[in-house]
Amino acid sequence: MNSTTVKKGTARAPHRSLLKSLGLNDGDIRKPWIGIANSWSEIVPGHLQLDRVAAAAKAGVLAAGGTPFEFGVIGVCDGLAMGHEGMRYSLPSRELIADSLEVMVRAHGFDGLVLVTNCDKITPGMLMAAARLNVPSVLISGGPMLAGRVGERAVSLSDVFEAVGSVQTGRLRPVDLKELENRACPGCGSCAGLFTANSMNCLAEALGMALPGNGTVPAVDAERLRTARRAGAAVMSLVRKNIRPRDILTEAAFRNALAVDMALGGSTNSLLHLPAVAHEAGIRLSLAAAAEASKKTPHLCRLSPGGIHHLEDLDRAGGIPAVMKELSKKKLLDLSALTVTGKPLGKTIAGARVRDYGVIRIIDNPYDSRGGIAVLRGNLAPEGAVVKRSAVAPEMMRHAGPARVFDGEEAARAALFGNKIRKGDVIVIRYEGPAGGPGMREMLSLTSALAGMGLDKSVALVTDGRFSGATRGASIGHVSPEAAAGGPIALVKNGDRVFFDLRRGILRLEIPAAELKQRKKSLKPRLIDAPSGVLTRYAAAVTSAAEGAVLQGRSASNRRKETAP
């Protein structure tokens, strides 16, 4: 179905009449219809400027001979939802976003889409919709926030979260926290570090679904509006050439995205979102593929929270095209993969170069020979778990310690602030998975408090929930199967010894197999505590984090083979 179904022929005179009430003329109606899916709102800092970005995209569509129709899309601010019940709604919103785009596109017959997005679940939700609908689409983000400044130090939101823990222990004065609060977020844009929003907007470039610069050009830079205008023109070119998302979102594209993710050391949430987008494209992207990418892809960038650089620095150094150019030197990318430029990736990045090797390391001198994200397995996580290895202190790459077990984030936070966590402990938080949470909350408040209290180099955290990309420390998430599904994490007891080795990819509960089996037999099912409404439906339908936390019964009509390691 396309706009012709809605507008052409005698029987569609009533439809054309409605369109003319919008101020359109016959010529406007005859042109290709381009939906401008805009997640603008006044509550999400990353989205505040999206009205201007959408206007620029519409100008690009008009200049290239199309008729744009803007419509709204919901979006949760993960920062504002953090640390309370609101965070349960963040990951489920990804599915609602994809569904809402499906409704709008199928009901109105759009010929193409410009996806105007920025933050954590909105970008993957829109990419999922593009893959599902297979209508020519280009994604344009609102761009990252500039870093704030306190004296000579560049700061961002993660510094404020960590400072709360520092005040709790007396390491920082309340007056200093107030200054940080006032200066860390100086204006609109997605938070300045390589957190989930910026990770996914960068990976949209690697997937080929966004133009160069999409992930790194600052929100306040005029180049952001120029890129949006080019995105509007690009979607018209895709419509004319009949290039669709599934022509771009191939196995090669996802392998490229994994390689870039590992080179950057992006948010572990990317290993929820990339599999979900792949699922909609008819591809099964496994954690095994991510683990293989991590083994062979060097870590080239250290961005906040794993380093001192921010997205504006990465942009100045050449952005994602420069990172991909470095990776191509070792043949770590498939340069034949198609992009929304209408050209293969190799031609799209042909003119790219690294302008600052202090921000993007040369491929022969990486920070690490392995990628910035690690996939772990063992008897505690048979289906896998993930950690942002690039943000872990060297002394915590390998650790063993007694488990301190909590059923939910709040209990763990109370123990931490009650000074009941000791150096060497492994905090185990369960029943926070996709179904058990429900909603698989991020736990930035807790991980940041650990860092702010100076415990990130001696205390680990293991959970079936997940972490913000702003997290640093040995924070191991996505433990699968989750506790609510009877996974081994439900069997851990206080004092059990937990061992992990981030370089070898091991996460293990050090008790005899017979003891673990006996505990499994006596495990009593736990009822999922969810208010009626979207969370109840989500908990009933969501799959494992190892599968991208997609909903059951959602399979692309055009299933392709699994992306092999």
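In this structure, Asn134 contributes its side chain and Ala131 its backbone to no donor-acceptor pair below 3.5 Å. Judged purely by atom type and a 3.5 angstrom limit, Glu482 uses its side chain to pair as donor or acceptor with the backbone of Gly436. In this structure a side-chain-to-backbone donor-acceptor pair under 3.5 Å is missing from His299 to Gly372. A donor-acceptor pair under 3.5 Å is formed between the side chain of Arg430 and the backbone N or O of Ala490. Looking at Asn494, its side chain does come within 3.5 Å of a backbone N or O of Val405 through a donor-acceptor pair. No donor-acceptor pair closer than 3.5 Å links the side chain of Ser166 to the backbone N or O of Val164. Thr268 contributes no side-chain N or O that, together with a main-chain N or O of Val387, makes up a donor-acceptor pair within less than 3.5 Å. With hydrogens and angles disregarded, no donor-acceptor distance shorter than 3.5 Å links the side chain of Arg526 to the backbone of Ala484. In terms of modelled atom types and a separation under 3.5 Å, the side chain of Arg377 and the main chain of Ile506 share no donor-acceptor contact. Formation of a donor-acceptor pair under 3.5 Å by the Ser141 side chain with backbone atoms of Gly215 is not found in this model.
Contact of the Phe254 side chain with the Leu249 side chain is registered, since non-hydrogen atoms from C-beta on lie closer than 4.5 Å. Between Ser544 and Pro481 the shortest side-chain heavy-atom distance does not fall below 4.5 Å. Residues Ser369 and Lys295 fail the side-chain proximity criterion, which asks for heavy atoms closer than 4.5 Å. A heavy-atom distance below 4.5 Å is not found between the side chains of Val479 and Leu376. Here the side chains of Cys191 and Pro45 are not in contact, with every heavy-atom distance at 4.5 Å or above. Proximity of Val498 to Arg508: side-chain heavy atoms (C-beta onward) are nowhere separated by under 4.5 Å. Put simply, the side chain of Lys388 does not reach to within 4.5 Å of the side chain of Ser475, judged on heavy atoms. Leu115 places a side-chain heavy atom less than 4.5 Å from the side chain of Leu101.
Residue Pro402 comes nearest to Gly424 through the heavy atom pair CD-O, 3.7 Å, listed as atom of the first residue, atom of the second, then distance. The heavy-atom pair separating His47 from Ser39 by the smallest distance is ND1-O, 2.7 Å. For Phe499 against Ala400, the heavy-atom pair with the smallest separation is CD1-CB, 4.0 Å. Of all heavy-atom pairs between Leu509 and Leu380, the closest is N-CB, 4.1 Å. Taking all atoms of both residues into account, the shortest heavy-atom contact from Ser445 to Gly83 is OG-CA, 3.7 Å. Residues Met145 and Gly189 share a closest heavy-atom pair of CE-O, 3.3 Å.
Crowding of Arg398 atom CZ: a count of heavy atoms from other residues, nucleotides or ligands under 6.0 Å not exceeding 12. The environment of Arg171 atom CZ is dense: over 12 non-hydrogen atoms of other residues, nucleotides or ligands sit within 6.0 angstrom.
For the side-chain contact (heavy atoms from CB on, under 4.5 Å) with Leu264, the qualifying choice from Ile320, Thr297, Asn198, Leu300 is Ile320, the only one to do so.
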request  = Dump the intermediate steps for side-chain contact (heavy atoms from CB on, under 4.5 Å) on Arg413 and Leu416, then the final yes or no.
outcome  = CA-CA 5 Å; Arg413 191 163 59 238; Leu416 177 64; 5.6 Å; no

Hey, mind stepping through Asp496 and Arg404 against salt bridge (charged side-chain N to carboxylate O under 4.0 Å, His left out) and telling me if it holds? CA-CA 8 Å; Asp496 286 347; Arg404 298 295 309 281; over 6 Å; no

request  = Quick one: do Ser304 and Arg472 satisfy side chain to side chain donor-acceptor pair (under 3.5 Å)? Show the steps, please.
outcome  = CA-CA 9 Å; Ser304 174; Arg472 66 184 176 97; over 6 Å; no

- request: Go through the steps for Leu287 and Val386 under the test side-chain contact (heavy atoms from CB on, under 4.5 Å), then give the verdict.
  value: CA-CA 9 Å; Leu287 281 181; Val386 298; 4.2 Å; yes

task: Could you check Leu207 against Ile248 for side-chain contact (heavy atoms from CB on, under 4.5 Å), going step by step and ending with a plain yes or no?
output: CA-CA 7 Å; Leu207 284 170; Ile248 295 169; 5.9 Å; no

List the steps and the verdict of side-chain contact (heavy atoms from CB on, under 4.5 Å) for Ile476 and Leu461. CA-CA 6 Å; Ile476 299 167; Leu461 202 162; over 6 Å; no

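No salt bridge links Asp368 with Arg302; every basic N to acidic carboxylate O contact stays at or beyond 4.0 Å. The pair Lys296-Glu292 does not count as a salt bridge, with every side-chain nitrogen at least 4.0 angstrom from each carboxylate oxygen. Between Glu95 and Lys121 no salt bridge is recorded (no basic side-chain N to carboxylate O distance below 4.0 Å). Classification of Arg284 and Glu251 as a salt-bridged pair fails, no side-chain N sitting under 4.0 Å from a carboxylate O. A salt bridge is absent between Lys420 and Asp425: the closest approach of a Lys/Arg side-chain nitrogen to an acidic carboxylate oxygen does not fall below 4.0 angstrom.
When only modelled atom types and interatomic distance are considered, Thr117 and Thr123 share a side-chain donor-acceptor pair under 3.5 Å. Side-chain contact check for Arg441 and Ser90: no donor-acceptor pair (N or O, by modelled atom type) lies under 3.5 Å. For the residue pair His273/Arg94, the side-chain donor-acceptor check at 3.5 Å is satisfied. Asn201 and Asn118 share a donor-acceptor pair across their side chains, judged by distance under 3.5 Å alone. At a cut-off of 3.5 Å, with distance as the only test, a side-chain donor of Thr447 or Thr471 sits close to an acceptor on the other residue. Glu510 and Asn379 share no side-chain donor-acceptor pair at under 3.5 Å.
With values rounded to the nearest 0.5 angstrom, Phe195 atom CZ is found 12.0 Å from Cys119 atom SG. For the atom pair CG (Leu157) and CD (Glu181), the distance works out to 11.0 Å, reported to the nearest 0.5 Å. Going from atom CZ of Arg503 over to atom CE of Met397 covers 7.0 Å, rounded to the nearest 0.5 Å. Note that the CE atom of Met443 and the CD atom of Glu409 stand 5.5 Å from one another [nearest 0.5 Å]. In this structure, Ile427 CD1 and Leu446 CG are separated by 5.5 Å, a value rounded to the nearest 0.5 Å. Here the straight-line distance linking atom CG of Leu338 with atom CZ of Arg246 works out to 15.5 Å at 0.5 Å rounding.
Checked against a 6.0 Å centroid threshold, the rings of His399 and Phe500 count as neighbours.
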